Number of protein chains: 2
Amino acid sequence: MAAPRTLDRTLTALADPTRRAILRRLSSGEARVTEVARPFSISLNAISKHILVLERAKLVKRRKVGRDHFISYRSEPLDAAAKWIDETRNFWASRLDTLEQLLREEDAANK
Amino acid sequence: MAAPRTLDRTLTALADPTRRAILRRLSSGEARVTEVARPFSISLNAISKHILVLERAKLVKRRKVGRDHFISYRSEPLDAAAKWIDETRNFWASRLDTLEQLLREEDAANK
DNA sequence: TTTACATTCAACCAAAAGGTTGAATATATT
DNA sequence: AATATATTCAACCTTTTGGTTGAATGTAAA
């Protein structure tokens with residue numbers, strides 16, 4: 001099982017709309033930091049920080065070539081997050097079934 | 001489509017381990033705020049705030065009976081988050097296929 | 001009607017988040 | 001060698017977050 005902090009980082013990174021937009025922006029492959037930043041109205045430095053957050057969450061990879069840093073998407077954290085969410089939903093689905101069943105039994109006992 | 005802020009709130013709420021633990025704690029049905037707080041080492045007030053965050057994200061529901069507030073889990077936000085993550089993963093799966101294909105073609109052209 | 005209990009409100013605090021600007025660093029270009 | 005470009009680092013600011021403590025509120029129990 002991955003350290004829980006990994007999930008924290010993934011969800012925190014994804015919770016910000018600017019960062020989600022940055023990820024989408026990488027859909028055509030690698031992009032340099034300046035290219036990533038272009039469509040946004042905030043400063044290049046702010047984008048640089050967002051990229052760092054994504055990088056720490058392993059949602060992007062950085063490939064340095066000379067002065068250029070090529071940023072690209074990594075799918076693993078999203079896979080792991082999907083797994084966690086699915087497991088949690090399954091956990092709840094069974095719990096809710098059980099609760100519903102209990103209510104039904106209780107109901108039958110009171111008839 | 002749900003307002004994007006909804007997703008922000010869901011992911012932000014889920015990004016905190018204490019709040020994820022609180023959700024799990026609700027698996028046996030409703031619980032009063034004090035009951036929710038019991039296993040945690042932080043103050044009741046801190047838990048009360050966490051519950052408020054979960055409530056704003058609609059991850060829990062509150063039913064007031066006299067002085068007791070009964071907190072229970074709501075599944076919709078997690079369903080919506082799962083949907084978003086799946087869509088995003090699909091989006092990426094097709095993009096990555098395309099990129100890989102491009103590389104293969106390029107490779108063939110250079111043979 | 002006092003007293004106890006469940007919960008929130010209010011004020012406060014330290015640390016983190018998200019932004020800014022300006023300087024530093026490293027690499028390209030002329 | 002000088003200049004331009006790409007990026008980060010550093011300092012700073014404001015707002016938010018996650019926590020605290022103490023008081024207020026509302027309800028239940030003695």
Side-chain angles (χ1 to χ4, degrees), chain A residues 4-26 28-73 77, chain B residues 4-26 28-73 77:
Chain A
R5 280 300 163 82
T6 299
L7 185 59
D8 293 16
R9 269 194 265 268
T10 303
L11 295 176
T12 300
L14 291 175
D16 183 284
T18 302
R19 285 192 290 263
R20 291 199 301 272
I22 289 176
L23 286 186
R24 284 236 153 200
R25 185 110 219 297
L26 295 174
S28 30
E30 294 180 320
R32 292 178 305 114
V33 173
T34 314
E35 287 165 5
V36 169
R38 185 138 39 227
F40 296 95
S41 53
I42 61 181
S43 74
L44 175 66
N45 275 7
I47 296 293
S48 174
K49 282 192 188 180
H50 279 304
I51 290 176
L52 201 67
V53 173
L54 291 168
E55 196 182 13
R56 279 199 286 251
K58 296 198 167 56
L59 279 158
V60 305
K61 188 175 64 179
R62 185 188 302 259
R63 199 184 107 232
K64 300 185 192 174
V65 176
R67 62 185 171 179
D68 295 321
H69 295 203
F70 289 96
I71 309 301
S72 58
Y73 175 78
Chain B
R5 281 298 164 85
T6 299
L7 185 60
D8 293 17
R9 270 194 263 268
T10 302
L11 296 176
T12 300
L14 292 175
D16 184 283
T18 302
R19 285 191 290 262
R20 291 199 301 273
I22 290 176
L23 286 186
R24 284 237 153 196
R25 187 109 218 298
L26 296 174
S28 30
E30 294 180 320
R32 291 176 307 115
V33 174
T34 314
E35 287 165 5
V36 170
R38 186 138 39 225
F40 295 95
S41 54
I42 61 180
S43 73
L44 175 66
N45 274 6
I47 296 293
S48 174
K49 282 191 188 182
H50 278 305
I51 290 176
L52 201 66
V53 172
L54 290 168
E55 195 181 14
R56 278 199 288 250
K58 298 197 165 57
L59 279 159
V60 304
K61 187 176 65 180
R62 185 188 302 259
R63 198 184 106 232
K64 299 185 192 175
V65 177
R67 61 184 172 180
D68 295 322
H69 295 203
F70 289 96
I71 309 301
S72 58
Y73 174 78

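Only heavy atoms go into these numbers, but all of them, side chains included; no hydrogens, no water, no symmetry mates. As the structure is a prediction and not an experimental result, all values here were calculated from the model.
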>> Can you measure A:Leu44 atom CG to D:dA10 atom P for me and round it to whole angstrom units?
In response: 17 Å
> Could you give the CZ-to-C1' distance, from A:Arg5 to C:dA16, as a whole number of Å?
Replying inline: 13 Å
>> Can you list everything that forms a side-chain hydrogen bond (donor to acceptor under 3.5 Å, both in side chains) with B:Arg19? Sequence neighbours excluded, please.
In response: B:His50
> In whole angstrom, what separates B:Arg56's CZ from D:dT17's P?
Replying inline: 8 Å
> According to a strict under-4.0 Å criterion, is A:His50 in side-chain N/O contact with OP1 or OP2 of C:dG19?
Replying inline: yes
> Are A:Arg19 and C:dG18 close enough that a side-chain N or O sits under 4.0 Å from OP1 or OP2?
Replying inline: yes
> Can you check whether A:Ser48 has a side-chain N or O nearer than 4.0 Å to OP1 or OP2 of D:dT7?
Replying inline: no
> Are A:Ser43 and C:dT20 close enough that a side-chain N or O sits under 4.0 Å from OP1 or OP2?
Replying inline: yes
> Which atom names give the shortest non-hydrogen contact between B:Pro77 and B:Leu59, and what distance separates them?
Replying inline: CB-CD2, 3.8 Å
>> Please confirm whether the shortest side-chain N or O distance from B:Arg67 to OP1 or OP2 of C:dC5 is below 4.0 Å.
In response: no
Using residues 31-38 of chain A as the side-chain source, report each donor-acceptor pair under 3.5 Å to any protein atom, sequence neighbours left out, with the distance given to one decimal.
residue, atom, partner, partner atom, Å
A:Arg32, NE, A:Glu35, OE2, 3.2
A:Arg32, NH2, A:Glu35, OE2, 3.3
A:Glu35, OE1, A:Arg32, N, 3.0

>> Both A:Ile42 and B:Glu35 contact DNA chain C. Taking the nearest nucleotide for each, which residue is further toward the 5' end?
In response: B:Glu35
>> Under the salt bridge (Lys or Arg N to Asp or Glu O under 4.0 Å) test against A:Glu30, which residue among A:Lys61, A:Arg62, A:Arg63 passes?
In response: A:Arg63
> Atom CG of B:Leu52 to atom C1' of C:dA10: distance rounded to whole Å?
Replying inline: 14 Å
> Which one of A:Ile22, A:Leu23, A:Leu26 satisfies the side chain to side chain contact (heavy atoms under 4.5 Å, CB included) criterion with A:Ile71?
Replying inline: A:Leu26
> Side chain of B:Asn45, base of D:dG22: donor and acceptor closer than 3.5 Å?
Replying inline: yes
> Expressed in angstrom and rounded to an integer, what is the separation of A:Arg38 atom CZ from D:dT7 atom P?
Replying inline: 10 Å
> Just to confirm, is there a sub-4.0 Å distance from OP1 or OP2 of C:dT8 to any side-chain nitrogen or oxygen of B:His69?
Replying inline: yes
> How many Å lie between NZ on A:Lys49 and P on D:dC13, as a whole number?
Replying inline: 14 Å
>> Distance check needed: D:dA28 P versus B:Asp68 CG, whole Å only.
In response: 8 Å
>> Counting the atoms with a prime plus P, OP1 and OP2 as sugar-phosphate, which does A:Lys64 contact under 4.0 Å by heavy atoms, base, sugar-phosphate, or nothing?
In response: nothing
> Looking at the side chain of A:Val33, which of C:dT20, D:dT7, D:dG18 is the nearest nucleotide?
Replying inline: D:dT7
> Between atom CD1 in A:Ile71 and atom P in D:dA6, what is the gap in whole Å?
Replying inline: 14 Å
